[in-house]
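Note: hydrogens, waters and symmetry copies are ignored here, and every other heavy atom, side chains too, is used. Lettering follows sequence order; numbering is per chain, from 1. Here the structure is a predicted model, which means the values were calculated and not measured.
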Number of protein chains: 10
Amino acid sequence: MDVAIPRDLDPQVRAETLAREKAYSQDLQRGGEWAHIWRIAGQYSNISIFDVTDNERLHEILWNLPLFPFMTMEITPLAQHPSDIAVET
Amino acid sequence: MDVAIPRDLDPQVRAETLAREKAYSQDLQRGGEWAHIWRIAGQYSNISIFDVTDNERLHEILWNLPLFPFMTMEITPLAQHPSDIAVET
Amino acid sequence: MDVAIPRDLDPQVRAETLAREKAYSQDLQRGGEWAHIWRIAGQYSNISIFDVTDNERLHEILWNLPLFPFMTMEITPLAQHPSDIAVET
Amino acid sequence: MDVAIPRDLDPQVRAETLAREKAYSQDLQRGGEWAHIWRIAGQYSNISIFDVTDNERLHEILWNLPLFPFMTMEITPLAQHPSDIAVET
Amino acid sequence: MDVAIPRDLDPQVRAETLAREKAYSQDLQRGGEWAHIWRIAGQYSNISIFDVTDNERLHEILWNLPLFPFMTMEITPLAQHPSDIAVET
Amino acid sequence: MDVAIPRDLDPQVRAETLAREKAYSQDLQRGGEWAHIWRIAGQYSNISIFDVTDNERLHEILWNLPLFPFMTMEITPLAQHPSDIAVET
Amino acid sequence: MDVAIPRDLDPQVRAETLAREKAYSQDLQRGGEWAHIWRIAGQYSNISIFDVTDNERLHEILWNLPLFPFMTMEITPLAQHPSDIAVET
Amino acid sequence: MDVAIPRDLDPQVRAETLAREKAYSQDLQRGGEWAHIWRIAGQYSNISIFDVTDNERLHEILWNLPLFPFMTMEITPLAQHPSDIAVET
Amino acid sequence: MDVAIPRDLDPQVRAETLAREKAYSQDLQRGGEWAHIWRIAGQYSNISIFDVTDNERLHEILWNLPLFPFMTMEITPLAQHPSDIAVET
Amino acid sequence: MDVAIPRDLDPQVRAETLAREKAYSQDLQRGGEWAHIWRIAGQYSNISIFDVTDNERLHEILWNLPLFPFMTMEITPLAQHPSDIAVET
């Protein structure tokens with residue numbers, strides 16, 4: 001997810017949107033659906049892992065991101081890796 | 001990491017290399033440096049997260065992958081995200 | 001899914017693999033998981049729609065395609081479109 | 001079809017255009033020419049399948065989309081796939 | 001359409017395939033379905049215009065090109081242009 | 001040739017420019033230098049074939065297109081194809 | 001790092017930002033963390049080498065560049081090369 | 001070198017900048033450092049060959065182009081070709 | 001023009017082909033049609049300027065290059081630049 | 001510089017070529033023309049900085065790399081950066 005907030009966005013709208021984005025993300029992290037989030041060093045971008053029941057739910061989460069209108073994102077469907085030690089046993 | 005094993009590789013060499021790759025990955029997972037591994041659905045590829053002290057160690061780990069000669073990979077340096085709930089407090 | 005069968009593949013292996021691919025695809029079509037398949041005009045490629053429970057099942061289906069070793073594919077996660085008339089009511 | 005509505009579009013024009021787009025799409029779906037439409041998860045984009053008599057008709061449909069000025073699209077000509085179970089006798 | 005004939009193809013097979021390709025193309029040109037063909041200067045490639053009833057016929061023509069296994073091609077669906085003087089009146 | 005007219009262009013300037021573009025194109029079509037023009041289905045783009053004496057003339061024609069400031073184009077130098085039936089005899 | 005300062009930025013803000021950028025860069029150069037900086041000939045871009053303890057520090061440095069909002073950058077993790085004469089002995 | 005002058009640039013500033021660009025280029029051509037310049041047919045772009053003592057001088061020349069802020073360019077370092085007849089003897 | 005000679009080409013065939021390529025290029029340079037040739041530093045590639053009557057002649061020259069089967073090339077149609085001092089007067 | 005040594009290269013030729021490459025690089029490093037070399041983490045690639053008198057010398061150095069036939073490389077002409085502390089005073 002890359003973020004590009006237009007330079008002419010009202011500073012108050014900007015601050016409020018960023019605050020809502022953070023709260024939104026942390027609620028989903030606490031609920032377990034937003035499994036991981038990392039900052040890409042030197043970029044206004046993140047890499048996130050979602051653990052959701054289906055594509056409908058994934059779309060719902062992403063579409064309602066407060067920063068969605070300013071984001072471009074790329075989605076890669078993941079599955080369990082046979083070498084993952086969590087799979088063993 | 002995308003894997004492309006040549007079709008003319010000896011089947012026994014192939015099987016042995018895959019077994020060594022799995023053991024190598026799982027040792028590093030148990031040691032905590034290979035933090036996550038996921039299969040990309042429908043691809044002979046994975047997305048992995050490493051937690052290492054520096055680039056020297058990262059290079060050492062990747063260069064010694066038994067499948068390294070058959071892999072192409074792309075590396076993105078990650079940092080902690082300010083919205084990560086693990087950062088809070 | 002693009003298919004590129006090497007020119008030096010044994011003709012009998014080739015014929016047999018193609019027959020297995022067709023049977024495999026048609027079984028999944030009858031079962032409803034392989035919802036649609038179209039040929040891209042002028043290409044040895046197809047566009048397919050899968051209706052599966054999760055990414056694990058999707059990966060299992062694709063990984064076991066008889067032609068998998070000769071394919072390159074790109075996967076786009078889809079959801080229901082709000083304008084789809086099947087959604088109405 | 002990717003949609004990018006400019007941020008400075010009048011909200012009423014925007015709402016009205018979206019309503020016309022939905023009605024336009026659903027009329028063509030009921031008529032059978034717009035055979036399928038899916039949302040790409042996490043994108044303001046869709047993948048659609050059209051079943052039309054020729055390129056002239058396809059162009060007419062797309063050119064008159066209410067959102068056409070804000071869309072970029074890519075068109076792939078499709079044909080029946082020999083493995084499609086609908087083809088079997 | 002780009003052509004890349006493998007260097008190790010038997011010279012006689014090569015010559016025969018090229019002859020069949022030329023005859024095949026010229027038959028379709030005479031029949032009116034292969035409306036135009038130009039060589040791209042400095043490339044083993046051509047740009048062709050087809051005038052066919054539907055995508056099924058287009059696919060049939062291309063799939064049966066004697067050089068098809070050695071070609072990569074890109075297809076752009078065309079329609080009449082409103083400024084074309086042939087449309088006037 | 002792809003056309004992207006800015007949304008804030010004065011509607012009258014826009015209408016007038018489009019009319020001049022059409023007249024300009026049709027004059028050159030009648031003169032034989034603009035040999036073919038097709039609409040790319042679903043795009044505000046065309047594919048055109050020019051038959052001119054040299055690159056100087058080609059540049060002069062394109063540079064003076066009324067829509068030139070709003071166009072991006074790609075030019076491929078073409079030559080006669082040895083399989084073109086017009087070449088035979 | 002490519003720099004693209006918007007044409008409508010206030011000239012005084014622009015001058016001040018450039019001065020702060022230079023001071024910021026030179027402080028880090030003197031501190032040893034910004035090891036090298038070169039101008040790419042003919043571009044408003046530079047190639048820089050950083051020598052930092054970890055990705056957190058790298059991100060902190062880049063995120064606080066006064067020109068950060070006007071930059072796009074690409075980061076390549078580097079390690080010591082076995083042929084580097086500094087490694088010998 | 002591709003040129004993209006913004007549509008809202010003051011016409012007088014535009015005309016003056018173009019005149020300065022031409023004079024600047026011709027001075028360097030007469031001095032021998034700007035060895036060749038060609039227009040790319042149908043583009044607001046040129047291909048130029050520079051014959052300068054080093055990259056510092058090349059950068060100085062390009063950075064001071066009156067149209068530099070509106071240009072994107074790509075630089076390829078060239079050397080004498082062993083088949084160049086000027087090298088013979 | 002990029003050159004990629006296969007590693008398994010017979011050394012004598014290779015040497016002979018390179019000699020024929022050089023003679024062919026120099027003949028055309030002496031005749032004035034191959035106006036310039038430069039080596040791209042660090043690449044087995046060249047940038048050449050041709051001055052020919054039309055695309056047919058250009059294609060004939062390129063198609064008959066002894067190294068043509070091992071080359072990939074990109075052709076850009078050039079015209080005189082209005083700032084070229086050779087145009088003045 | 002990316003290195004891709006073919007799998008079927010004779011192991012002794014391979015070992016010898018690697019040894020010559022290392023010696024060649026270190027000689028130039030000691031001579032000051034090969035100013036820096038870094039390994040790209042996780043890749044069989046390096047990023048190098050050369051400090052040479054002109055493009056002819058750069059080409060000579062690169063063309064004679066023992067691994068040159070197995071390398072693909074990209075060259076960026078660099079100049080001194082005005083913020084480089086080495087420039088100050």
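- Between the side chain of A:Gln29 and the main chain of B:Ile85, a donor-acceptor pair closer than 3.5 Å is present.
- B:Arg39 places a side-chain N or O within 3.5 Å of a backbone atom of B:Ser45 that can act as its donor or acceptor partner.
- For a residue to count as touching a neighbouring chain, one of its non-hydrogen atoms must lie under 4.5 Å from one of that chain's; by this rule B:Gln80 touches chain A with the backbone only.
- Annotation: ring pair (Phe, Tyr, Trp, His ring centres under 6.0 Å) contacts involving residues 66-86 of chain B, sequence neighbours excluded, comprise B:Trp63-B:Phe68.
- Residues of residues 50-61 of chain A having a heavy atom under 4.5 Å from any heavy atom of chain B: none.
- The side-chain hydrogen bond (donor to acceptor under 3.5 Å, both in side chains) test applied to B:Trp38 returns no partner, not counting sequence neighbours.
- Rounded to the nearest 0.5 angstrom, B:Leu78 CG and A:Gln43 CD are separated by 11.0 Å.
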Please set out all donor-acceptor pairs under 3.5 angstrom arising from side-chain atoms of residues 12-21 of chain B, sequence neighbours excluded.
residue	atom	partner	partner atom	Å
B:Thr17	OG1	B:Val13	O	2.5
B:Glu21	OE1	B:Leu67	N	2.8

